[in-house]
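The structure under discussion appears below in the form of C-alpha cells.
Excluded from the calculations below are hydrogen atoms, water molecules and symmetry mates; all remaining heavy atoms, backbone and side chain alike, are included.
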2 protein chains.
Amino acid sequence: MSTAKPVRKRRKEARPGELLAAALTQFVEKGYAATRLDDVAACAGVSKGTLYLYYASKEALFKAAIQEGIVPVLAENEAIAASHSGSSFSLLEKLLDHWWTRIGCTAFAGIPKLIVAEAQNFPEIAGYYYTNVIARGRALVGAALQRGVSSGEFRQCDIEVTIDVIIAPVLMLLIWEYSLGRCEQQPARHRDYLATHLALLQRGLCVPQV
Amino acid sequence: MSTAKPVRKRRKEARPGELLAAALTQFVEKGYAATRLDDVAACAGVSKGTLYLYYASKEALFKAAIQEGIVPVLAENEAIAASHSGSSFSLLEKLLDHWWTRIGCTAFAGIPKLIVAEAQNFPEIAGYYYTNVIARGRALVGAALQRGVSSGEFRQCDIEVTIDVIIAPVLMLLIWEYSLGRCEQQPARHRDYLATHLALLQRGLCVPQV
DNA sequence: CGGCTTAATGACTATTGGGTCATCAAGCTA
DNA sequence: TAGCTTGATGACCCAATAGTCATTAAGCCG
C-alpha cells in the first residue's frame, strides 16, 4: 500500500490555463450537465476547492472555456482578407486553410459541438458566440463572395444563403469528429474532405473560363 | 382559488406515444442530463410514477424516443432509389425532398442535434444510429453517385468523401435549427438553402452538356 | 349498485454533485 | 530557522432528482 502523500505545489500562474483546458476537454466529451467538477479538477491535477479559487461557478468556468481560443482566429482571418490580392476563390481557400490550422487541428475543434449542444441552455453564451464567431465568419465569406460576383469571377447567386451552404460542411466536419465520427473504424480523411468540398465549390461558383 | 381536483383518466393505449413525444421534445431542448423526468411527465399530462409504468428508466425512455421516427424513412428512401428511373441527379433531388418532408419538417428534425450532443455518452445508441441511419443514408447517396459516374452523367470523383460533403449541409441545417439558429432574427430560408445546395452540387458534380 | 382489476398518483428514499470553509502547509522573508 | 502570507485541500452541507411503492380511484362486469 502506497500512502502517497499528496504533493501540493503552489502554482498560481499555471492553474487557470490548466483548469480551462481540462474543463474544455470534459465539457466537449460529456456535455455541460454531465460533467462533474470533481473530474475537471482531477483532470487538471488539483482538488475541487482549488477550482473555486479561480472560477466562481460551474457556469463561469464553462463560459471561460468557450470564450478562449476561437475569437482571436476570426481577427486573424479578417487580417488575411484585408491584405488579400488574387482571385476571390483563392481567398476562400486561404480562409479555410487558416481556420483548419488554427481550430480544426487543435483542442478547440470540439467547441462547435459543445456550442451546438448547449446553445439552448445558455442563450447568453450562444448570443456571444453568434455575434463574435458566426456573424464575423459569415461576413468574411460573404465579402469574398460579393467580391467574386462583382469581378465576374463568380456567377450571380443569393449571397446570404450561399454563405451558409459553404460554411456548413466545414462546421459539420468538426461536429462529426466529436460525435458519430467515433463510430467509424476507418480513419477520417479530413484533408480529402476539405479538398473535395473546395473542388465542388469551385465548379459550382465560378463562371467557366472561355 | 380553484382546488382543481386532478381528473385522472385511464388511457393505457395513448400513454406511450404521448410520453415519447414529450420526452423527445424535452431531450432535444435541454439535452439528456438536463432533462427532468418530472418535466417530461408533466409535459405528457401524467405524473412521474405513470412514466415508470411504461418505461423502465430514463435511459430506456431516451432510447425509445430516438429510435422511433427516423429509421422508417430510410426504408422509404431505399424504395424510392430502387424504383427510380431518370437522371442520377434527379434521384438525389428526390431523396433529399423526401428526407425533408418526412424529417426536416417534423418534430423528428431535432434528433440529429440530440444524437450529436449525446453520442459520446451513449455509445450503444450512437452505434445503432450509425448503422441504421447514417450508414444506410450514405449507401443511398453513394449508389446514386456511382450510378451517375458510371453513366457519364457525373465526373469522376472520390465517392466516399463526396457522400459526406453532400450530406453535411443537410444535417447541418437541422442541427442549426435547434441550436444557434435560435439566435437569428430573420426567419430561416430552408427551401432556398436546400435549393442553393442542390444548384451548387449540380454544377459541381455534372459533366457539362455539350 | 357493489365489488374487482389495474391505471394512476405523489409522498418518500437514496444518491449525486455543486458549492463552502476551517484547516493545512509551501515557500518567502527577515 | 521562526513566522507569516496565501495557495491548496477535502470533509461537509444541502438542493435536486432518479427511482419506488403503498394508496387511490377509474371504469368494467355481474
Which of A/Y128, A/Y129, A/F122 passes side-chain contact (heavy atoms from CB on, under 4.5 Å) with A/I115? It is A/Y129
May I ask you to evaluate whether A/R15 reaches the phosphate of D/dA8, defined as a side-chain N or O under 4.0 Å from OP1 or OP2? yes
From CD of A/E18 over to P of D/dG7, roughly how many Å is that when rounded to an integer? 15 Å
For the side chain of A/S47, counting heavy atoms from C-beta on, which of D/dG7, C/dT9, D/dT9 is nearest? D/dT9
Between C/dT6 (C1') and B/R11 (CZ): distance, integer Å: 17 Å
Rounded off to whole Å, could you give me the NZ-to-C1' distance for the A/K9 and D/dT6 pair? 18 Å
Can you measure A/L51 atom CG to D/dG10 atom C1' for me and round it to whole angstrom units? 14 Å
Please encode protein proximity along nucleotides 15-25 of chain C as a string of B, S and -, counting only heavy-atom distances under 4.0 Å. --SBBB---BB
Show every side-chain hydrogen bond (donor to acceptor under 3.5 Å, both in side chains) that has at least one partner inside residues 57-70 of chain B, sequence neighbours left out. B/K63-B/E124
Check the phosphate of D/dG19 against B/Y55, side-chain N and O only, distance under 4.0 Å to OP1 or OP2. Yes or no? no
Considering residues at least two apart in sequence or located in another chain, which fulfil the side-chain hydrogen bond (donor to acceptor under 3.5 Å, both in side chains) criterion with B/D38? none
Interatomic distance where CD belongs to B/E13 and C1' belongs to C/dA8 [whole Å]: 15 Å
Which donor-acceptor pairs under 3.5 Å do the side chains of residues 9-16 of chain A make with protein atoms, sequence neighbours left out?
| unit_1 | atom_1 | unit_2 | atom_2 | d |
| --- | --- | --- | --- | --- |
| A/R11 | NH2 | A/E18 | OE2 | 2.6 |
| A/R15 | NH2 | A/K9 | O | 3.0 |

Atom pair distance, as rounded to whole Å: NZ in B/K12 and C1' in C/dT5: 11 Å
Please list all pairs meeting side-chain hydrogen bond (donor to acceptor under 3.5 Å, both in side chains) that have one or both residues in residues 165-179 of chain B, counting only residues at least two apart or in different chains. B/W176-B/E184, B/E177-B/H190
Output a table of donor-acceptor pairs, distance under 3.5 Å, between side-chain atoms of residues 71-84 of chain A and any protein atom two or more places apart or on a different chain; print 'none' if there are none.
| unit_1 | atom_1 | unit_2 | atom_2 | d |
| --- | --- | --- | --- | --- |
| A/E76 | OE1 | A/H98 | NE2 | 3.0 |
| A/E76 | OE1 | A/R102 | NH1 | 2.4 |
| A/E76 | OE2 | A/R102 | NH1 | 2.4 |
| A/N77 | OD1 | A/H98 | ND1 | 3.3 |
| A/E78 | OE1 | A/R136 | NH2 | 3.0 |
| A/E78 | OE2 | A/R136 | NE | 2.8 |
| A/S83 | OG | A/A79 | O | 3.3 |
| A/S83 | OG | A/I80 | O | 3.4 |
| A/H84 | ND1 | A/K94 | NZ | 3.0 |
| A/H84 | NE2 | A/S87 | O | 2.9 |
| A/H84 | NE2 | A/S90 | OG | 3.3 |

Phosphate-side-chain proximity, A/T50 and D/dT9, N/O vs OP1/OP2 below 4.0 Å: yes
